[in-house]
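Here's the structure we're looking at; comments come further down.
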Amino acid sequence: MVGNIHSLESFGTVDGPGIRFVVFLQGCPLRCLYCHNPDTWEKGEGSYRMTPEELLEEVMRYKSFIAKGGVTVTGGEPLMQAAFVREFFLLCREQGIHTALDTAGAIWTQAVRDALDVTDLVLLDVKSIDRVQHKELTGAKITNTLSSLDYLEEKQIPTWIRHVIVPGWTDDDHLLQQLVDFLKPYRCIEKVELLPYHTMGTRKYEQMGLQYRLEGIPELSTERLKRAREIFKL
Ligand code: SF4
């Protein structure tokens, strides 16, 4: 089995607890309007093709640095290669390495459930709690994300929710409160991370000759982020 890998980052600090080795897998079925990584979208081979064993070997070079953190697999949408994720995480477990999976929950198959079963922490991106807006923002229905969250609850797999706050879209007190109320019953959720919208990824669109459809939307202000945190009581 071989994974299609977009890139590797040996000292990630923003995708899960501690210092982490971050694996970006190639391919994503969504087209989020604010995506920073449009270069991961296409389903191709990416920059590297590695077996789970080869990838673990690379990770082991950094084992002492990530001892209190672990490994995070992200993308793209890593669950497009769910079987690869599962095999890789099983190898990490054998080595006592903590595993995190950053996913939008866009795919819902048995292979996905098998991968989630061997994941220590899921970072689940909920793009919008409003179904119509979710479709507009990502191009996909929210259904699979909600099925994923229900499964994480059923199996009590530790979960962090991530939510990007975009002015004119998800930056809305009513929608934020709706999300708080929706998430409240889920005991698997350990943390909610509110991420302010920024425009740092727009250069990639220019380079790739793609239209950036949120052109003109300002970055989220500190005041609005503070307000969102108040609504979530963070
Ligand atoms: S799920 Fe992630 S990688 Fe895929 S389009 Fe959305 S932001 Fe980009």
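Bear in mind the structure is a predicted one, so any value in this text is a computation, not a measurement. Whatever order the structure lists them in is the order used to number ligands and atoms, beginning at 1.
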With salt bridge (charged side-chain N to carboxylate O under 4.0 Å, His left out) as the test, would you mind laying out the steps for R227 and E230 before giving the verdict? CA-CA 5 Å; R227 172 71 187 137; E230 280 166 12; 3.4 Å; yes
Examine Y34 together with W169 and report whether their ring centres are nearer than 6.0 Å. no
Please find out if atom 8 (Fe) of ligand 1 and some N, O or S atom of C35 are separated by less than 2.8 Å. yes
How far is atom 4 (Fe) of ligand 1 from its nearest protein heavy atom, and which residue and atom name does that atom have? C28 SG, 2.3 Å
Applying a heavy-atom cut-off of 4.0 Å, say which part of E77 lies close to ligand 1: side chain, backbone, both or neither. neither
Salt bridge or not between D150 and K155? Use side-chain N to carboxylate O under 4.0 Å. no
With heavy atoms and a 4.0 Å threshold, my read on which part of W41 contacts ligand 1 is side chain
Contact with ligand 1 for L30, non-hydrogen, under 4.0 angstrom: yes
Side chain to side chain, H98 and L121, heavy atoms closer than 4.5 Å: yes
Which ligand 1 atoms, with their elements, are less than 4.0 angstrom from a heavy-atom of K127? 1 (S), 6 (Fe), 7 (S)
Number the atoms of ligand 1 from 1 as they appear, then name those within less than 4.0 Å of a heavy atom of G76, with their elements. 3 (S)
Should V118 and V59 be regarded as members of a common hydrophobic cluster, given that ILVMFWY residues are connected when their side-chain heavy atoms come within less than 4.5 Å of each other, either directly or indirectly? yes
For atom 6 (Fe) of ligand 1, which of P29, G27, C32 has the closest heavy atom? C32
Answer yes or no: is there a side-chain heavy-atom contact under 4.5 Å between L55 and L8? yes
